[in-house]
2 protein chains.
Amino acid sequence: MIIGLRELRFFLEIVALKSISKAAESLHITQPALSTKIKKLEQTLGFTLFERNWEGVQLTTKGGYFLPYAVQLLQSMEDATTVLNQDNGNAMQTFTEVINDSQRLRIGIDGWLLPYVLPRLYKVLTADTTEHGLKIVTQPSLVLKTLVSHSCLDLAFFYSVDPSEDKAIRALPLYEDEMILLCHQSHALLHSPIEHLSNVINNLPFILFDNPTLSHHSQITKRITDLFKIQHFHVVDDLYTAFSLISHNLAFTILTATCALHLQNHSIFSSIAVKPLGNYLPLAYINMAGSTSFEQSPIFEAITAAMQNTKKPANNAG
Amino acid sequence: MIIGLRELRFFLEIVALKSISKAAESLHITQPALSTKIKKLEQTLGFTLFERNWEGVQLTTKGGYFLPYAVQLLQSMEDATTVLNQDNGNAMQTFTEVINDSQRLRIGIDGWLLPYVLPRLYKVLTADTTEHGLKIVTQPSLVLKTLVSHSCLDLAFFYSVDPSEDKAIRALPLYEDEMILLCHQSHALLHSPIEHLSNVINNLPFILFDNPTLSHHSQITKRITDLFKIQHFHVVDDLYTAFSLISHNLAFTILTATCALHLQNHSIFSSIAVKPLGNYLPLAYINMAGSTSFEQSPIFEAITAAMQNTKKPANNAG
């Protein structure tokens, strides 16, 4: 499968102008050439992007779904190449700052693990007399695994469903992460026995935190929807949004206990109640992995010890 | 510039195996063909990705910087196409859920505006008797502008530096967003006169929230670094990380007042003090824009009124 930035730009121009001929004019290519490019893109993707009608062209449903991806892909690639090719100005300065971090520990953390990982990390690094600088990168778990395996990070903290699944890196399971149910404190689910939950959940407004069509927590999400046979749900890609919906009693959700740590210190979400699901749902794992060179470092040992010699994160958030 | 997914995959395989010959074998192509492809990718990007040495190949500094982008681009594109081409299973179900939202208001909000926008939105929608469902999408401001101009969103809330800059959409400026300085409550900066700040800031550990090499807040960031002539800074891509560093008195930052709203309800960050910078720094703007069709809707009017008839967000966070 080959998709180029040029094809994405062609696609966006047609969407914006709602016409292949106008887009061809604006892009300074012939209309047949543009049509051929788009047909090729459709073949590569495996679905039709546009429907032709008397007004011009219109996005198909799948084309509309693909659009946000195209916008973001183009933006990311342009950001990356612009910065790297710029020889002056603020962007280049920042670039220099970003790459000149050989003195720093480059640590990747799945965003939802920050409240669990950061305080412990600070404790170790403050005690460390060699005074390591710290560079923290937040990315989804799947991206972190790739980065640490390529030695782009010294250390990474990430989720996985199966602790032994990662072949490219030596992942150290720190602890098992329990699933919890979050709902409004007046919600009936709070008093339902866990083993009856799947009977009632299907008729209630369930929200899935994070978009499971993206790579973020898709494995964990699949376990939840499979077990409770959840057919209809509302996808929310931000934890603040999810918590707001729940605190307005507009929905409820199930997620990992570490996710809910973000909630614990947010006073405006005090109306949210938490129900631990114990071992009823399969567990998720929080792992740590170091790059090959960093695993030899004494600070790696110190961090490992600090992370393992602590309790699980509390699941009584809220 | 044409960069394909195949080229990115080639690049990642060489990084993983640290050898062009091993990567060629694993990818089932010849070594000269792979070398040619990589040279072409390097030409397109405008910089060298690998250095050849006796051990095989090694990433250049710019190659190392490009790597995380390549990983994420590949992941996003694979997510998008996998889901769209799948005809069964959880992913397809989710896809159906995501696109079957014609009954819902599709509202895009820059993540940092959530605490400002969401409570007001809920108030309007709860009062609305037609009972609109709500689908909230959080994306960076630049992406939101493109999505609403393509009618992929009914409504969007985003930042801009200049309210009149957006030609493709009719942006409605809601209010001006002030810059504030965040530091530990014992920090000396708290008592410095604003007009002397630029003299002292340069020698102190300054953190920039959000990666200014990405599109998120690059315009706002540039204003800050230019005005205070900040040469050295530490980039942090997550607000929780930024607040943690500040509350441990390891750094300070300057950001928009709305960003700091996330801090306001977080009790663990109570050691952070806030200093409003008034009109000393150029202001940022919070805008709202509707898609062409949605601008005719009565609910659009109701939302506009609710957003405008309210006070600015408080800048006394912390």
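Chain identifiers are assigned alphabetically (A, B, ...) following the order of the sequence lines, protein sequences preceding nucleic acid strands; residue numbering begins at 1 within each chain.
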Inset, instruction - Against chain A, work out which of B/L118, B/L12, B/L59 has the most heavy-atom pairs shorter than 4.5 Å and name it. - result: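 Top count of heavy-atom pairs under 4.5 Å with chain A: B/L118.
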Under 4.5 Å from a heavy atom of chain B, the part of [X] involved:
X	value
A/T241	both
A/I109	neither
A/I136	both
A/L245	both

[X] versus chain A, heavy atoms under 4.5 Å apart: side chain, backbone, both or neither?
X	answer
B/S244	both
B/L153	neither
B/L114	both

Inset, instruction - Check whether any side-chain heavy atom of A/Y240 sits under 4.5 Å from a side-chain heavy atom of B/T138, and report yes or no. - result: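 A side-chain contact is absent here, since even the closest heavy-atom pair is not under 4.5 Å.
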